[in-house]
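Heads up, the thing below is written out as structure tokens.
Index from 1, following the sequence. All heavy atoms count here, side chains included; hydrogens, waters and symmetry mates do not.
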Amino acid sequence: MAAGATGARIVFFGSHKQPSYVIETCTVPTNDSLKDGEILIKILMSTLCSSDIVNIDGKRELKPPCVLGHEGVGEVVLSKRFRNGLPAVCIGDRVVFTMCDACDSCDMCKSDLKECCLLKNKYGSTGLGAGTGLNGCFATYMVLKKGTEVVRVPHNVSDVVASPSNCALSTMVHAVSFAMANSKLKQSVAVIQGANLMGLYGCALLHEAGYKKVFCHDISCERLRLVPKFGGIPVLVAKEYDSRNTHNIEEGTADVVIDVSRQWDVIPYALHALCHRGIYVFVGTTHAEDASINIDTILSKCITIRGIQGYKSLHLQNAMDFLSKTVDKYPYESLISSPFSLQDFHMAVALARTKRYNRTAVRPQQFFTE
């Protein structure tokens with residue numbers, strides 16, 4: 001790449017600022033300015049996660065100014081990463097990457113828990129001063145730090161399908177892998193609470209894993225409309241769960257329940273539906289409010305409860321393999337909007353707020369082509 005090449009990025013200054021974010025031009029790093037282990041990628045496609053909207057609304061602590069966006073697929077432009085003396089990636093490779101880097105030196109990293117690294121920096125929320133200032137996906141270029149794992153995108157997986165894989169899909173791969181590895185049961189009935197993007201991915205993953213019935217619960221008919229297309233059985237529920245209402249599942253017949261709804265009022269029903277030694281997995285970020293949980297039911301049924309946030313690089317690789325295997329079976333592209341340019345980022349944010357699509361796409365390179 002020629003010295004002094006120009007790129008563009010969306011810089012977020014904080015929800016209290018007016019405007020809260022702007023589009024800026026910036027200088028793209030050269031090979032000489034990259035550090036050992038770093039990779040420069042050209043962002044081909046990025047997507048707005050619900051947490052991006054949370055960040056824009058100021059409901060989560062960030063380190064502004066920062067470049068937003070942690071979901072994306074890119075093309076390798078420059079690389080100073082080697083493995084056993086050979087290039088770890090090749091120029092022109094399409095890659096996805098872990099949402100955070102890892103230090104490889106803290107107690108978590110040394111215990112093979114890199115997803116829990118104590119010193120990790122998450123893309124899309126780290127300040128501009130941390131590195132090159134290209135540490136978010138809503139930019140034409142991005143620098144992946146040394147501790148960031150990368151996975152090649154299969155040829156049959158499009159940019160728009162690959163873009164959200166390093167967030168919702170990889171996290172659900174982690175959740176389903178945990179359930180499969182720790183269940184001693186026949187694995188015939190599963191329940192997913194929430195028909196958002198993670199819920200739809202979960203339906204497909206559990207269906208492909210061999211579960212005979214995968215029920216997906218939600219309060220929205222519109223969200224449930226997509227569930228059968230991803231191997232699930234839609235179940236419309238009231239806004240408040242009633243543990244006496246089995247919603248087509250008899251008490252104690254679910255082998256695993258995966259909650260992606262982030263609502264406390266769904267817990268009593270999950271405990272009602274789970275069988276003896278069933279597994280209850282909470283996936284995502286935080287729940288809406290505090291509430292009590294029936295410990296007696298957990299003890300009497302010997303239920304395993306696990307919270308999952310993040311994933312290992314293996315889960316990202318498995319996510320790419322899963323997409324490659326099932327891309328012609330499930331309508332992944334229907335979950336994502338047509339892409340916006342960086343100039344129209346405000347329009348992308350507005351569409352994302354409507355929740356018409358599970359993800360709103362942004363194609364940063366359109367900044368220089370329109």
Side-chain angles (χ1 to χ4, degrees), residues 10 41-56 68-75 94-97 99 123-124 136-140 142 151 153-173 192 194-205 216 218 220 222-232 260 284 316 319-367 369:
I10 298 293
I41 61 173
K42 176 171 64 177
I43 298 294
L44 303 174
M45 190 73 68
S46 53
T47 39
L48 272 155
C49 176
S50 58
S51 63
D52 289 313
I53 302 300
V54 169
N55 292 339
I56 291 172
L68 296 171
H70 58 270
E71 295 181 350
V73 56
E75 177 185 323
R94 280 193 309 146
V95 296
V96 288
F97 44 88
M99 293 187 296
Y123 292 108
C137 293
F138 300 133
T140 51
M142 185 172 173
V151 171
V153 178
H155 293 297
N156 65 329
V157 178
S158 67
D159 294 339
V160 71
V161 170
S163 185
S165 63
N166 74 332
C167 185
L169 180 56
S170 294
T171 304
M172 285 305 292
V173 168
I192 295 179
N196 55 20
L197 185 60
M198 286 196 295
L200 295 174
Y201 281 148
C203 287
L205 286 163
C216 186
D218 205 290
S220 168
E222 181 61 24
R223 286 194 294 267
L224 287 171
R225 179 180 58 84
L226 294 170
V227 168
K229 297 181 180 181
F230 288 87
V260 298
L316 180 57
M320 282 295 99
D321 294 341
F322 182 79
L323 287 177
S324 182
K325 175 185 175 182
T326 63
V327 70
D328 294 325
K329 186 173 183 179
Y330 300 111
Y332 296 116
E333 291 198 4
S334 68
L335 303 175
I336 305 167
S337 76
S338 298
F340 291 83
S341 67
L342 282 185
Q343 292 100 318
D344 294 328
F345 184 74
H346 63 289
M347 295 174 60
V349 172
L351 180 61
R353 291 188 188 282
T354 69
K355 298 184 179 180
R356 179 180 175 184
Y357 296 93
N358 283 271
R359 286 292 189 270
T360 301
V362 176
R363 183 179 286 130
Q365 294 299 320
Q366 288 184 210
F367 182 79
T369 59

Could you give the distance from [atom1] ([X]) to [atom2] ([Y]), rounded to the nearest 0.5 Å?
X      : Y      : atom1 : atom2 : result
Arg363 : Leu342 : CZ    : CG    : 11.5 Å
Ser51  : Met99  : OG    : CE    : 8.0 Å
Thr140 : Ile41  : OG1   : CD1   : 11.0 Å
Tyr330 : Phe322 : OH    : CZ    : 5.5 Å
Met198 : Cys167 : CE    : SG    : 7.5 Å
Ile53  : Leu68  : CD1   : CG    : 9.0 Å

Should [X] and [Y] count as side-chain neighbours, where that means a heavy-atom distance under 4.5 Å?
X      : Y      : result
Ser163 : Arg359 : no
Glu71  : Asn166 : yes
Met172 : Val260 : yes
Asn55  : His70  : no

I'd like to check the side chain to side chain contact (heavy atoms under 4.5 Å, CB included) partners of [X]; sequence neighbours left out, ordered by chain and number.
X      : answer
Ala195 : Cys216, Asp218, Arg223, Leu224, Val227
Tyr357 : Ser337, Leu351
Pro154 : Asn156, Val157, Met320, Ser324

Ser220 versus Glu222, side-chain donor and acceptor atoms under 3.5 Å: no
Can you name the nearest heavy-atom pair linking [X] to [Y], along with the distance?
X      : Y      : answer
Ile43  : Pro364 : CG2-CG, 3.6 Å
Pro164 : Ile336 : CG-CD1, 3.8 Å
Leu335 : Leu200 : CD2-CD1, 3.6 Å
Ser165 : Ala319 : O-CB, 4.5 Å
Leu197 : Ala168 : CD2-CB, 3.9 Å
Phe97  : Cys137 : CZ-SG, 3.6 Å

Cys49 backbone acceptor or donor facing Asp52 side chain under 3.5 Å: yes
Whether Tyr332 and Phe230 hold their rings parallel, tilted or perpendicular, with breakpoints at 30° and 60°: tilted
Working for side-chain contact (heavy atoms from CB on, under 4.5 Å), residues Tyr201 and Ile192: CA-CA 10 Å; Tyr201 281 148; Ile192 295 179; over 6 Å; no
Pair Val362-Ile10, side-chain contact (heavy atoms from CB on, under 4.5 Å): steps then yes or no: CA-CA 11 Å; Val362 176; Ile10 298 293; over 6 Å; no
